[in-house]
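Each ligand, and each atom within it, is numbered from 1 in the order the structure gives. All heavy atoms count here, side chains included; hydrogens, waters and symmetry mates do not. Throughout, numbering of the chain's residues begins at 1 and tracks the sequence.
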Amino acid sequence: MTKQKSLDSVKKAAQEAHEQASVLARALPYLRRYTGDTIVVKYGGHAMVDNGLSNAFGNDIALLKQVGINPIVVHGGGPQINAVLKRMDVETTFVDGLRVTNAAIIDVIEMVLAGTVNKQVATLINQAGALAVGISGKDGGLIEAQKLMKHVWDDSIKRERTIDLGLVGYPVRIDPRVLYALSGSGLIPVVAPIGMDKQGQTYNINADISAGAIAGAVRASRLFMLTDVPGVLDADGNLIPELTEEEAKEAIATGMISGGMIPKIETCLEAVKAGAQAAVIMDGRVPHACLLELFTEGGSGTIIRPNRS
Ligand SMILES: Nc1ncnc2c1ncn2[C@@H]1O[C@H](COP(=O)(O)OP(=O)(O)O)[C@@H](O)[C@H]1O
Ligand SMILES: CC(=O)N[C@@H](CCC(=O)OP(=O)(O)O)C(=O)O
């Protein structure tokens, strides 16, 4: 390594340490509010690959554990599955954001999510000095799933049609004991969104839906959805800092909220109904988004609560 190169890397490390220290200094007054709480963080496949911020993500999760909060990470991996299927020359299709999953590709999906991606995310956190353990929804009976039948509106016949998505499931029961066992032993659970039914059939489950069900079951104080927009935006593109259930439903009805944001918000509302205190949709492209949300007065993103406090 040349002298200049090593000086640059020292400067970079100093800059990173300075950033972390300044985030921490701002955080201190808020720490007590969340000590001992559980926070579920959904880390999407796009957030992992798009912005090169994965080290910051690992550092943030490790830091939360170090200050006495119990993070549970649920990750996606849609783009990573796409890349592997492409290399295998296998076409893949989606209906309303859900991947049609036939028996021929479920093994590949499980290998990518519960194998490669799960271990990558756990490694990011481990490299930041914490101890993460990668599991899938099959481990410890965490996610019991059932086959999902998708109902979509068909304009040509002017009525709803049921589409069979193959081995796509949804969580019918969460058994959080494995999460408590890990968290209680100082470890950080990292969950791949794969579930199983009572007969042992494996299902591919959308990561947002898995994170929402887990957040509700463990009565998380926050569910963080890291995505690629600053939060929920109004018709002029301004961030809406807070949404209640009623306001969210109205915004969906008027079309202000559309596309992938609809299932995300529906998942947040279900998590809040099931027992999570609040859900926050935030920008995973922003460094330290989770820390900013927890440890600053203004927070980041859009917070979704059952009622305005
Ligand atoms: N009102 C809105 N505010 C913000 N994003 C919205 C809104 N309505 C629709 N969207 C869309 O929702 C997308 C986020 O959903 P999605 O693409 O499924 O996220 P992810 O891949 O992170 O799960 C945004 O990129 C945006 O295109
Ligand atoms: C049923 C279904 O669509 N499952 C998703 C699971 C991964 C996921 O949700 O990943 P992201 O969060 O990165 O989109 C899939 O196969 O892509």
| Salt-bridge present (Asp89, Lys86; N to O < 4.0 Å) | no
| message | Can you tell whether the side chains of Lys42 and Asp208 come within less than 4.0 Å, N to carboxylate O? | response | yes
| query | Taking the minimum heavy-atom distance to atom 1 (N) of ligand 1, which of Met256, Lys264, Met261, His46 ranks first? | reply | Met256
| query | Out of Thr227, Leu233, Thr302, Ile265, whose heavy atom sits nearest atom 14 (C) of ligand 1? | reply | Thr227
Between [X] and [Y], is there a donor-acceptor pair closer than 3.5 Å when you use the side chain of the first and the backbone of the second?
| X | Y | answer |
| --- | --- | --- |
| Asp228 | Arg285 | no |
| Asp139 | Ser136 | yes |
| Thr302 | Ile240 | yes |

| request: State which residues pass side-chain contact (heavy atoms from CB on, under 4.5 Å) with Val90; sequence neighbours excluded, sorted by chain then number. | output: Leu85, Met88, Ile105
| task | Could I get the full list of side-chain contact (heavy atoms from CB on, under 4.5 Å) partners for Val272, not counting sequence neighbours? | result | Ala279, Pro306
Tell me which protein heavy atom sits closest to [atom], plus the residue, atom name and distance to 0.1 Å.
| atom | answer |
| --- | --- |
| atom 26 (C) of ligand 1 | Val229 CG1, 4.3 Å |
| atom 15 (O) of ligand 1 | Gly260 C, 3.5 Å |
| atom 25 (O) of ligand 1 | Asp228 OD1, 2.9 Å |
| atom 8 (N) of ligand 1 | Ser258 N, 3.1 Å |

| request: Using a strict 4.0 Å cut-off to heavy atoms of Gly231, name the atoms of ligand 1 that fall inside it. | output: 3 (N), 4 (C)
| field | salt bridge (Lys or Arg N to Asp or Glu O under 4.0 Å) involving Arg219 - partner list, sequence neighbours excluded | value | none
| field | Spatial distance of atom OH (Tyr34) from atom CG (Leu64) [nearest 0.5 Å] | value | 11.0 Å
| query | Any non-hydrogen atom of Ala47 lying under 4.0 Å from ligand 1? | reply | no
| query | More than 12 non-hydrogen atoms from neighbouring residues, nucleotides or ligands closer than 6.0 Å to NZ on Lys147, yes or no? | reply | yes
| query | In this structure, are over 12 heavy atoms from other groups packed under 6.0 Å from Glu246 atom CD? | reply | no
| said: I'd like the contact residues of ligand 2, where contact means a heavy atom below 4.0 Å. | reply: Lys42, Gly44, Gly45, Gly76, Gly77, Gly78, Pro79, Ile81, Gly97, Leu98, Arg99, Val168, Asn204, Ile205, Asn206, Ala207
| request: Determine if the distance from atom 23 (O) of ligand 1 to the closest protein heavy atom is below 4.0 Å. | output: yes
| message | Checking contacts now, so for atom 17 (O) of ligand 1, which I'm interested in, is there any protein heavy atom under 4.0 Å? | response | no
